[in-house]
Amino acid sequence: SDGTYIQGLLTGSISYTLPKSALTLSIFGEERTFQDGSEADDESSGTTLGWNWRLGPRTNFNASTGWTRYRFLSTPTEEVDRWFLRTGVSRELSPELSGSLNYSYQKRSSDGVGSRGGGTGNTVSAHLTKTF
């Protein structure tokens, strides 16, 4: 929703790091209260578990999975859950050039509200970054 709101956000994470990999667990909670009387207030909370593995001096593999619950506090209250899985590989091709290839899958469920109905999605992306 557009408008003026007060936002509260709480985040936390913990990581376990080994010489060639790291495992990170993150959680968050967010609340928005709109000041225009629109009753469009919402809340979201979720968690992500991520893993990064250094395959070589210039190559990394990463994977993560997570869940987010969105609560739209209008009348009636609506809830939407979203699960995701992401994986990818990145490589430094030269000191000024890097690239990555990533895959993402997400599934969204709903409490039956048509405007925010359930569904799934797949995304493949490739990035090439040049630093000047």
Side-chain angles (χ1 to χ4, degrees):
S1 294
D2 292 334
T4 303
Y5 57 86
I6 297 174
Q7 178 180 8
L9 176 64
L10 179 64
T11 61
S13 67
I14 187 166
S15 294
Y16 181 71
T17 304
L18 295 170
K20 288 193 170 197
S21 68
L23 190 64
T24 302
L25 176 65
S26 302
I27 60 170
F28 78 94
E30 179 180 20
E31 187 175 300
R32 293 190 311 168
T33 305
F34 284 82
Q35 304 301 297
D36 58 4
S38 65
E39 297 183 7
D41 301 348
D42 58 46
E43 301 172 348
S44 60
S45 59
T47 185
T48 301
L49 179 63
W51 176 50
N52 186 300
W53 180 26
R54 192 178 73 212
L55 296 172
R58 297 182 300 153
T59 306
N60 290 305
F61 170 81
N62 58 70
S64 63
T65 187
W67 165 80
T68 303
R69 170 163 288 161
Y70 303 95
R71 291 188 72 223
F72 303 95
L73 303 177
S74 57
T75 307
T77 298
E78 306 169 31
E79 288 187 357
V80 176
D81 291 328
R82 183 178 70 95
W83 298 268
F84 67 87
L85 172 64
R86 295 181 189 127
T87 187
V89 64
S90 61
R91 178 152 175 95
E92 181 184 305
L93 303 168
S94 73
E96 303 87 22
L97 187 65
S98 63
S100 66
L101 181 62
N102 302 286
Y103 168 76
S104 177
Y105 170 80
Q106 74 173 358
K107 180 176 179 164
R108 186 177 66 190
S109 68
S110 175
D111 61 359
V113 177
S115 65
R116 295 186 180 98
T120 61
N122 293 285
T123 305
V124 175
S125 62
H127 301 269
L128 191 61
T129 305
K130 171 73 172 162
T131 304
F132 297 96

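Source: prediction; values computed, not measured.
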Completion exercise
Only residue of T123, N122, V89 satisfying side chain to side chain contact (heavy atoms under 4.5 Å, CB included) with Y103 is N122
Practice task
Take atom CG of L9 as the centre, draw a 6.0 Å sphere, and report whether it contains more than 12 heavy atoms from other residues, nucleotides or ligands.
Solution key: yes
Handout entry: Worked check of side chain to side chain donor-acceptor pair (under 3.5 Å) between S90 and S100
Key = CA-CA 4 Å; S90 61; S100 66; over 6 Å; no
Practice task
Any chance you could measure N60, atom CG, to S21, atom OG, to the nearest 0.5 Å?
Solution key: 11.0 Å
Problem - Closest non-hydrogen atom pair, S44 against T68 - result: CB-CG2, 4.5 Å
Problem - Greater than 12 external heavy atoms within 6.0 Å of W53's CH2 - result: no
Fill in the blank from the handout: In this structure, OG1 of T4 is separated from CG of D36 (nearest 0.5 Å) by 7.0 Å
Exercise for the section: State, yes or no, whether a side-chain contact exists between Y70 and E79 at a heavy-atom distance under 4.5 Å. Expected result: no
Handout entry: Derivation and outcome, side-chain contact (heavy atoms from CB on, under 4.5 Å), residues T59 and R54
Key = CA-CA 6 Å; T59 306; R54 192 178 73 212; over 6 Å; no
Exercise for the section: Taking all heavy atoms of V80 and all of S109, pick out the closest pair and write down the distance. Expected result: CG1-O, 3.1 Å
Completion exercise
In short, T24 meets S15 closest at the heavy-atom pair OG1-OG, 2.8 Å
Problem - Validation row: L97, L128 side chains within 4.5 angstrom (heavy atoms) - result: yes
Problem - Donor-acceptor contact present, side-chain N52 to main-chain A22, <3.5 Å - result: no
Problem - Shared hydrophobic cluster, L85 / I27 (ILVMFWY, side-chain heavy atoms < 4.5 Å) - result: no
Practice task
Could you grab the distance from atom OG1 of T120 to atom CH2 of W83, nearest 0.5 Å is fine?
Solution key: 12.0 Å
Practice task
Please assess V124 against L101 for the test side-chain contact (heavy atoms from CB on, under 4.5 Å), listing each intermediate value before the final yes or no.
Solution key: CA-CA 7 Å; V124 175; L101 181 62; 4.2 Å; yes
Problem - Under-4.0 Å salt bridge between R71 and E43 - result: yes
Handout entry: Under 3.5 Å side-chain donor-acceptor pair for R69 and S45
Key = no
Handout entry: Separation of T33 OG1 from D41 CG (nearest 0.5 Å)
Key = 4.5 Å
Exercise for the section: Kindly indicate whether a cation-pi arrangement holds for R86 with F84, taking the cut-offs as under 6.0 Å to the six-membered ring centre and within 45° of the axis. Expected result: yes
Problem - Non-hydrogen atoms of R58 and L93 that approach each other most closely - result: NH1-O, 3.5 Å
Completion exercise
In this structure, OG of S64 is separated from CG of L49 (nearest 0.5 Å) by 8.5 Å
Exercise for the section: Measure up the F61 and W51 rings against each other and bin them: parallel (under 30°), tilted (30 to 60°), perpendicular (over 60°). Expected result: perpendicular
Practice task
Could you tell me whether the side chain of T48 reaches within less than 4.5 Å of the side chain of L25, counting heavy atoms only?
Solution key: no
Exercise for the section: Could you tell me the separation between the CG atom of D42 and the CZ atom of F72, rounded to the nearest 0.5 Å? Expected result: 6.0 Å
Exercise for the section: With side-chain contact (heavy atoms from CB on, under 4.5 Å) as the test, would you mind laying out the steps for H127 and N102 before giving the verdict? Expected result: CA-CA 9 Å; H127 301 269; N102 302 286; 3.7 Å; yes
Problem - Step-by-step side-chain contact (heavy atoms from CB on, under 4.5 Å) determination, Q7 to E30 - result: CA-CA 7 Å; Q7 178 180 8; E30 179 180 20; 2.2 Å; yes
